[in-house]
Amino acid sequence: MTRTIVASATREIIIGFDQPFCVIGERINPTGRKKLAAEMIEGNFDTVIKDALEQVAAGATMLDVNAGVTSVNPNETEPGLLVQTLEIVQGLVDVPLSIDSSVTAAIEAALKVAKGRPLVNSVTGEEEKLEAILPLIKKYDVPVVAISNDETGISMDPDVRFAVAKKIVERAMDYGIKPHDIVVDPLVMPIGALGDAGRQVFALLHRLRNELKVNTTCGLSNISFGLPHRHGINAGFIPMVIGAGMTSAIMNPCRPQEMEAVRAANVLNGTDANCTNWIMTYRDYKPAEGGASAPASAAPSAGSGGRRGGRAARAGAGAARE
């Protein structure tokens with residue numbers, strides 16, 4: 001069984017088909033968040049701190065950390081800012097982190113100070129990226145997100161996206177990196193623009209699980225981009241992708257409707273043993289007035305089965321931060 005191990009200084013989490021769905025909190029990312037970007041440039045990390053604490057309290061298994069505040073000289077500005085942000089976050093919470101950057105120098109700088117075993121987000125099928133990122137993955141012995149696009153961009157043909165994922169896995173093996181340390185992002189397209197985007201990703205997930213035997217992730221809210229009541233679409237999408245084989249997602253855990261879907265899928269998928277997490281989270285649940293869902297109380301994360309111990313811009317799917 002494929003298992004990807006990520007860890008902080010004190011907690012180890014397993015991403016796998018037989019594990020609770022791994023919720024990677026997306027909020028510490030200035031992409032599409034002008035206020036956050038301005039704060040980070042000024043050295044103000046109040047929102048970063050707030051987002052880190054709130055996401056963990058809401059049930060995030062991991063946190064994604066991105067410091068891509070500007071496209072102007074990112075090789076000079078991003079490494080130091082990413083390191084500073086990473087150190088603040090890992091000093092606040094004990095969940096594992098995802099180092100999110102398209103700047104190789106920033107990824108390496110962050111890996112030097114990261115505690116535990118972070119996830120690197122990401123590498124693509126582009127030759128330049130493969131040659132820059134894979135040696136770092138081998139050197140620091142960490143897992144990496146593999147995004148299924150290459151020099152030709154993002155293909156609308158799911159078979160092409162599968163071929164890119166396979167290429168990345170095979171190239172990683174050339175460096176001595178095992179497939180269990182490759183977490184493939186098959187690229188979720190907006191359903192409002194591409195009517196078969198859901199069916200595409202479900203088919204891709206089956207192939208990634210059964211043929212490549214790798215874990216998977218995605219920018220979850222991409223699926224609902226451009227539609228009204230996005231959280232309803234997202235919440236419906238979650239159990240379907242989990243059923244198709246998705247094992248993690250970069251998403252907003254502070255949306256109760258979406259986290260309810262994650263926790264329910266864990267119950268129905270048999271990865272919440274004895275429904276323990278569900279019961280602990282919702283035993284005092286009361287519907288809000290008017291029939292709306294009331295927020296759940298703080299509870300163990302969706303990935304509590306683990307042992308203690310710029311994405312939208314890069315993918316080009318156009319999912320704005322909510």
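Taking 4.5 Å as the limit, some side-chain heavy atom of V241 sits within range of a side-chain heavy atom of V201. R3 is not listed as a side-chain neighbour of H180, based on a closest heavy-atom distance of 4.5 Å or more. Under the 4.5 Å side-chain criterion, counting only non-hydrogen atoms from C-beta, P179 is not in contact with L212. R209 has its side chain out of reach of T216: every pair of non-hydrogen atoms, C-beta onward, lies at least 4.5 Å apart. Put simply, the side chain of M40 does not reach to within 4.5 Å of the side chain of Q84, judged on heavy atoms. Side-chain contact between S224 and F237 is absent, with no heavy atoms from C-beta onward closer than 4.5 Å.
Ion pair R117/D181 flagged as a salt bridge, since at least one NZ, NE, NH1 or NH2 atom sits closer than 4.0 Å to an Asp/Glu carboxylate oxygen. Salt-bridge annotation for D159 and R207: present, with a side-chain N of the basic residue lying under 4.0 Å from a carboxylate O of the acidic one. A salt bridge is defined here as a Lys NZ or Arg NE, NH1 or NH2 lying under 4.0 Å from an Asp or Glu carboxylate O, and R27 with D64 fails to meet this definition.
The CG atom of L205 lies 11.5 Å from the CD atom of Q200; values are rounded to the nearest 0.5 Å. Atom CE of M246 sits about 12.5 Å away from atom CE of M240, to the nearest 0.5 Å. Atoms CD and CD1, from E170 and I177 in turn, are 13.5 Å apart once rounded to the nearest 0.5 Å. Remark: N29 CG to T85 OG1 distance equals 10.5 Å, nearest 0.5 Å.
Other members of the hydrophobic cluster containing F17, listed by chain and number, are M1; membership follows side-chain contacts under 4.5 Å among ILVMFWY residues, whether direct or relayed.
With sequence neighbours excluded, the residues forming a side-chain contact (heavy atoms from CB on, under 4.5 Å) with A106 are E78, P79, L82, S101, V103, listed by chain and number. With sequence neighbours left out, A197 forms a side-chain contact (heavy atoms from CB on, under 4.5 Å) with M189, I191, L194, I223. Taking the side-chain contact (heavy atoms from CB on, under 4.5 Å) definition, one finds that K167 meets it with E127, L130, E151, R171, sequence neighbours left out. Listed by chain and residue number, nothing satisfies the side-chain contact (heavy atoms from CB on, under 4.5 Å) test with K34 (two or more places apart in sequence, or in another chain). Judged as a salt bridge (charged side-chain N to carboxylate O under 4.0 Å, His left out), and not counting sequence neighbours, the contacts of D51 are R33.
No side-chain donor from either of Q19 and T271 sits under 3.5 Å from a side-chain acceptor of the other. In summary, the side chains of T276 and N274 do not present any donor paired with an acceptor at a separation below 3.5 Å, with no hydrogens or angles considered. N234 and E258 form a side-chain donor-acceptor contact under 3.5 Å, judged by distance and modelled atom types alone. Side-chain N/O atoms of S98 and D100 include no donor and acceptor closer than 3.5 Å. Between the side chains of N215 and T4, a donor-acceptor pair is found at a separation under 3.5 Å.
Relative orientation of the Y282 and W278 rings is tilted, given thresholds of 30° and 60° on the angle between their planes.
Both V113 and I137 are members of a single hydrophobic cluster when ILVMFWY side chains are connected at heavy-atom separations under 4.5 Å.
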Criterion side-chain contact (heavy atoms from CB on, under 4.5 Å) on L111 and V142, from CA distance to verdict:
CA-CA 9 Å; L111 284 170; V142 292; 4.1 Å; yes
Applying side-chain contact (heavy atoms from CB on, under 4.5 Å), run through M173 and V169 and close with a yes or a no.
CA-CA 6 Å; M173 291 176 68; V169 170; 4.3 Å; yes
Take E211 and K166 through the test side-chain contact (heavy atoms from CB on, under 4.5 Å) and record every step on the way to the result.
CA-CA 9 Å; E211 296 180 39; K166 184 178 180 182; over 6 Å; no
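When atom types are taken as modelled, the side chain of N266 and the backbone of F21 share a donor-acceptor pair closer than 3.5 angstrom. Between the side chain of K129 and the backbone N or O of S102, at least one donor-acceptor pair lies under 3.5 Å.
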